[in-house]
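Here the structure is a predicted model, which means the values were calculated and not measured. The basis for the numbers below is simple: all heavy atoms, side chains too, and nothing from hydrogens, waters or symmetry mates. Lettering of chains follows the sequences in order, A, B, ..., and the numbering in each one begins at 1.
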Protein chains: 2
Amino acid sequence: MNARTPSKILVLPALYEQVAERLRTRIFAHELQPGAWIDEQALAVEYGISRTPLREALKVLAAEGLVVLKPRRGCYVTELSEQDIDEVFPVMAVLEGKVAELAAHRITSADYARLAAIHDDLEKHAAASNADRFFEANQRFHDALQDIAGNRYLAQLINDARKVIKLTRRDSLRLEGRLKQSLAEHRDILDALRDKDPARAQRSMHDHLMSGRNALARLAKAN
Amino acid sequence: MNARTPSKILVLPALYEQVAERLRTRIFAHELQPGAWIDEQALAVEYGISRTPLREALKVLAAEGLVVLKPRRGCYVTELSEQDIDEVFPVMAVLEGKVAELAAHRITSADYARLAAIHDDLEKHAAASNADRFFEANQRFHDALQDIAGNRYLAQLINDARKVIKLTRRDSLRLEGRLKQSLAEHRDILDALRDKDPARAQRSMHDHLMSGRNALARLAKAN
DNA sequence: ACGCATGATACTGCATCCATAATTATGAAT
DNA sequence: ATTCATAATTATGGATGCAGTATCATGCGT
């Protein structure tokens, strides 16, 4: 059921998986922009492979929602409408909220120490107004929480949703004051976890995500 | 972003999609049992197609979690462990709960009438102890609610989760007394919707799903 | 008799090839 | 000049072929 298989370390990933990963990277880097047509032949030549594994990779990306396959008309990078974003974020908020709730139930003092260390990093990067490093530490925080929550299916859905959100070119962390605000929200979540208060952890995390969506909306207006 | 394209009615689905659908049907019918190896060649011959579209279909099913692809070792129907079920149901409960919450916000009297009609069907089939028809009406109830909630991304995740759950051979509705219990839970949800009480709708739906998981667990013990 | 090595078989994964549909370019007619 | 029809080009979707690897069977050695 889950992707991680112990023996997988030895077996190198199938070519179509490698290709999918390379394409994901290019899509997230917005080198392949939303709406852009994906030229199978050109990519096959560039990667030095045939179209077969490339097409299989595109099927995978389509399932993830990163591209859309138009029958007989080719493959295009997904364009997120404002409505799409308004649909994804509430779902993301609910899922991440559940993660926080589960984590609050299961968290140990060692887990808390790990999270607190990551939070220290967040504080440092926020103080330095380094959005990139803040983003990276933020990711680690949420990943660590998923580990503690211990629900792989939930984690998978969240990671898929995150991929979709990444299609947006906008980065809310760059918004004036958002870094500090995000930090304060993380503080809230952390405190709820310290107190092992699932309901509060759930609520804090949910609101944190919706706050992120609002920041994104403000950013859209600013542009 | 979403799969439904208006023009899709004219364009017949790609072959790999048709194949994926046929395979889904066979998997849900447990004709292809969990753990069973999927013989690409044999299926290609049976369907009168080449292995290429078949392999593409398997990639799609793998993304849905219905099969697992073991590199160089072929494709197998997913086996759900008890732990897997324990991970999927809480997520399902949270997602369906969100649907109920959103629906309670947006529901109109016409919507409510539609739901009430479906609930009447549920009552009829419960009285007749007809689990099959109850199941079908139950599906309609949840689908209608998704429509009212109006979040396609949410609906998609739920439908994917439903597919995964369908891998289980067990049917909780066949459990003694479960039909009546399920009906009562639906009654609760419906009342919350009538009162346009999002919090209560959310809670009722969440508990309804977890109650379904418990029924499944009782069924497992009975066997 | 049992375990291990070696060879045969079969399947997966990728490349190549071909048919068909879509798009673009060209030309004719109004 | 613009629009429509038609032809040429190009890209997608599917079929076929082939190389590499995993599995299974057979036989040898202990």
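Taking the C1' atoms of five terminal pairs at each end of the helix from C/dA1-D/dT30 to C/dT30-D/dA1, the two resulting helix axes are inclined by 10°, rounded to 10°.
Using a 4.0 Å cut-off between charged nitrogen and carboxylate oxygen, B/Arg140 and B/Asp143 do not count as a salt-bridge pair. A salt bridge between B/Lys98 and A/Glu87 is absent, with no side-chain N of the basic residue lying under 4.0 Å from a carboxylate O of the acidic one. Between A/Lys59 and A/Glu64 no salt bridge is recorded (no basic side-chain N to carboxylate O distance below 4.0 Å). The pair B/Arg174-B/Asp132 meets the salt-bridge criterion, with a side-chain N (NZ, NE, NH1 or NH2) lying under 4.0 Å from an Asp/Glu carboxylate O.
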Practice task
Under the side chain to side chain contact (heavy atoms under 4.5 Å, CB included) rule, what do B/Asn159 and B/Gln146 come out as? Steps first, then yes or no, please.
Solution key: CA-CA 10 Å; B/Asn159 289 334; B/Gln146 283 183 12; 3.8 Å; yes

Practice task
With salt bridge (charged side-chain N to carboxylate O under 4.0 Å, His left out) as the test, would you mind laying out the steps for B/Glu56 and B/Arg51 before giving the verdict?
Solution key: CA-CA 9 Å; B/Glu56 292 178 348; B/Arg51 278 175 53 229; over 6 Å; no

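Counting only heavy atoms from C-beta outward, the side chains of B/His186 and B/His142 approach each other to under 4.5 Å.
Here chain A contacts DNA chain C (any atom closer than 4.0 Å to a heavy atom, that is under 4.0 Å), and the contacts span C/dC14 to C/dT23 from 5' to 3'.
Judged by distance alone, with hydrogens and angles left aside, the side-chain atoms of A/Thr168 form a donor-acceptor pair with the main-chain N or O of A/Ile165 at under 3.5 Å.
Rounded to an integer number of Å, the gap from CD of B/Gln41 to C1' of D/dT16 is 12 Å. Taking atom CG on B/Leu15 and atom P on D/dA15, their separation rounds to 6 Å, with Å as the unit. Nucleotide D/dT12 holds its P atom 13 Å from the OH atom of B/Tyr16, rounded to whole Å. At whole-Å resolution of the value, CZ in B/Arg72 and P in D/dG20 are 10 Å apart.
No more than 12 heavy-atom neighbours from other residues, nucleotides or ligands sit within 6.0 angstrom of CZ on B/Arg133.
Annotation: cation-pi geometry not satisfied between A/Lys163 and A/Phe28 (NZ/CZ under 6.0 angstrom from ring centroid, within 45° of ring axis).
Remark: B/Arg51, B/Arg55 in residues 48-58 of chain B come within less than 4.0 Å of DNA chain C through at least one heavy atom.
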